[in-house]
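The structure displayed is predicted, hence computed values, not measured ones.
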Amino acid sequence: MKIDPAFVEEAIAEAIKRGADQAEVYMKTSKSLSVEIKGQTVESLKSSTALGYSIRVIRDGHLGFSYATSVDDIDFVIARAIEAAGFSDADSFLGLPGPSVLADVNVLDPQLRAVDEDEAIESVKLIEKSALDTDVRITKVRKASGSFTFSATMIANSRGVNAGYESTACSAQVTAIAEQNGESQMGWDYDAGCFLRELAFESVGRSAAHRAVQLLGSRKIKGCKGNVIIDNSVAADFMGIFASSLSSDAVQKGKSLLAGRAGRKVVSSRVNMIDSGLLDGKLGSSPVDDEGVCSQQKTVIREGVLQTYLYNTYTGRKAGVVSTGNASRGGFSTLPSVGISNLFLEPVSEIYVVPRARLLESVGTGLYVTEAMGVHTANPISGDFSVGVTGLWIEKGEVAFPVKEAVLSGNVLDFFERIEVVGDDLRFYGNIGAPSLIIFSVDISA
């Protein structure tokens, strides 16, 4: 179903007529196809279309909000939003953004928009087949799945915002199981983006299989303080802690480990951290954020020093700054919060970069962490963590044996302060990207 701009404009006008000082409509439609393959046959095939919209109003400094999935309910939705404003507390920081231009970023793939069921099924079959073909020790494949989505979004308000855009998204993931001598190991991989041509379905299957096979014969190690290589997939997990800590909302509520640290060194001076909504083909990119503010690129950490937090219109007003274009919604039924667009880590100079093929050589002796369990359990305020990891023990720059049931512990900021060099293998997992990292002097326990 297409979005009717006239419907949106009329809804805003009606909300103002009924007493709102400011009004906003956020509307989204989508068409999705998801496929799951087992034994080269279709285990699950789901196709869906959806439409939803919300009305946000501000009346005498009070916030009202309502939403629906049918355009026929618009009168009731407006009335409910106006009524809700009468029950909320007054807040002087409330306000909608004014107009801004749409950023020039490509998030629409005509090929993906037109993908049919047969093409989707064949693509996902490739994931399973490539995993099984990688090694005879791969005996099972679980959750070989893919998704293919086309969306249209429109955000408009009474202050002049009128922004609409179309986007596509696709994903592929699989878990492969390797067995040998009564031992079983699992490997997982995932890829996603806006462009079908850039999604390597076969590579996802091979990578998951390789991750499972390389762990066969795992053994425990003795506890020590040693050097580690953090695989880019694990580094992206740790970056997720920064994603929440950079939120100005979390900072203002005292729930961020970066609160009060603006202008101070927080991680290694050898890296920058960037948040960008302007990367073609990435899932966190869009011409505007979820309030209609132009998407931007920000260096949030430069040479280890925290430069800025991320703001939407409300938290920006509360802090006396402008929005950084980081309003984010979980869907049409939620109010905008603060979120990352595409957050990623980069070296400040090429002198701190090591080719992926030389990572093991660079660390000499230590642990190559290929998977970490429970990174999300790190304390979001203190940054303390203790996570179970698996990986490969490295001696003299070569793999000695696979490792199981090891534990890394420490503090996230201290962990990232110890970054010595990074790999040349930046990879995005969803809207978070990271290269592999070499970190010195980490507590490793068994």
Side-chain angles (χ1 to χ4, degrees), residues 103 105 228-248 250-251 256-285 289 294-311 321-326 328 338-356 358-359 362-363 375 378 380 383 410-440 442:
V105 58
V228 298
I229 303 171
I230 304 296
D231 188 73
N232 53 16
S233 61
V234 179
D237 285 341
F238 276 99
M239 286 282 288
I241 301 170
F242 285 94
S244 59
S245 296
L246 287 164
S247 163
S248 54
V251 171
S256 165
L257 65 91
L258 296 176
R261 295 178 182 266
R264 294 167 54 185
K265 187 172 182 290
V266 293
V267 299
S268 170
S269 59
R270 300 184 177 191
V271 296
N272 299 325
M273 200 173 292
I274 314 294
D275 180 74
S276 177
L278 307 179
L279 304 179
D280 289 346
K282 299 303 182 187
L283 292 184
S285 295
D289 73 0
C294 182
S295 293
Q296 305 168 34
Q297 177 162 304
K298 296 81 57 180
T299 302
V300 292
I301 296 176
R302 178 180 286 113
E303 297 182 5
V305 177
L306 178 61
Q307 304 293 311
T308 183
Y309 302 113
L310 303 176
Y311 297 90
V321 300
V322 298
S323 170
T324 56
N326 285 92
S328 175
V338 180
I340 61 171
S341 46
N342 297 294
L343 185 70
F344 63 98
L345 195 73
E346 67 172 18
V348 301
S349 168
E350 288 299 313
I351 65 174
Y352 302 125
V353 178
V354 173
R356 184 174 177 86
R358 293 183 53 205
L359 284 173
S362 299
V363 80
V375 174
N411 181 273
V412 172
L413 296 183
D414 180 62
F415 197 53
F416 274 67
E417 168 65 32
R418 297 173 184 269
I419 295 173
E420 290 293 319
V421 294
V422 304
D424 62 353
D425 55 350
L426 171 66
R427 181 177 173 186
F428 277 84
Y429 290 84
N431 62 340
I432 297 180
S436 295
L437 308 173
I438 293 182
I439 301 176
F440 285 178
V442 177

In the structure I gave you, are the side-chain heavy atoms of [X] and [Y] within less than 4.5 Å of one another anywhere?
| X | Y | result |
| --- | --- | --- |
| Tyr352 | Val422 | no |
| Pro380 | Ile241 | no |
| Pro435 | Leu426 | yes |
| Met239 | Phe416 | yes |
| Leu437 | Phe238 | no |
| Asp275 | Leu310 | yes |
| Ile419 | Arg270 | no |
| Asp289 | Ser323 | yes |

Of all the heavy-atom pairs spanning [X] and [Y], show the shortest one and how long it is.
| X | Y | result |
| --- | --- | --- |
| Ile439 | Phe415 | CG2-O, 3.5 Å |
| Thr308 | Leu306 | O-CD1, 3.5 Å |
| Ile432 | Ala236 | CG2-O, 3.5 Å |

- Task: Could you give me the CA-CA distance, side-chain angles and deciding distance for Leu345 and Phe242, then say whether side chain to side chain contact (heavy atoms under 4.5 Å, CB included) is met?
- Result: CA-CA 11 Å; Leu345 195 73; Phe242 285 94; over 6 Å; no
Extract all donor-acceptor atom pairs below 3.5 Å that involve side chains of residues 257-266 and protein atoms in other chains or at least two apart in sequence.
unit_1	atom_1	unit_2	atom_2	d
Arg261	NE	Leu257	O	3.0
Arg264	NH1	Gly260	O	3.4
Lys265	NZ	Val267	O	3.2
Lys265	NZ	Glu417	OE1	2.5
Lys265	NZ	Glu417	OE2	2.8

- Asn232/Tyr429 under side chain to side chain contact (heavy atoms under 4.5 Å, CB included): CA gap, chis, key distance, verdict: CA-CA 9 Å; Asn232 53 16; Tyr429 290 84; 3.4 Å; yes
Donor-acceptor pair, distance only, cut-off 3.5 Å: does the side chain of [X] make one with the backbone of [Y]?
| X | Y | answer |
| --- | --- | --- |
| Ser341 | Ser276 | yes |
| Lys282 | Asn342 | no |
| Thr299 | Ile301 | no |
| Asn272 | Glu346 | no |

Which distance, rounded to the nearest 0.5 Å, do you find between the [atom1] of [X] and the [atom2] of [Y]?
| X | Y | atom1 | atom2 | answer |
| --- | --- | --- | --- | --- |
| Asn411 | Arg418 | CG | CZ | 10.0 Å |
| Ser245 | Leu413 | OG | CG | 7.5 Å |
| Ser295 | Leu279 | OG | CG | 10.5 Å |
| Asn326 | Gln296 | CG | CD | 7.5 Å |

- Query: Between Asp280 and Ser285, is any side-chain donor less than 3.5 angstrom from a side-chain acceptor?
  - Reply: no
- Message: Can you confirm whether the side chains of Ser436 and Asp425 place a donor and an acceptor under 3.5 Å from each other?
- Response: yes
- Query: Is the closest basic N to carboxylate O distance between Asp231 and Arg356 below 4.0 Å?
  - Reply: yes
- Note on the structure: With sequence neighbours left out, the residues meeting side chain to side chain contact (heavy atoms under 4.5 Å, CB included) with Ile438 are Ile229, Leu359, Ser362, Val363, Val421, Phe440
- Task: Check the pair Leu246 / Val338 against side chain to side chain contact (heavy atoms under 4.5 Å, CB included), numbers first and verdict last.
- Result: CA-CA 9 Å; Leu246 287 164; Val338 180; over 6 Å; no
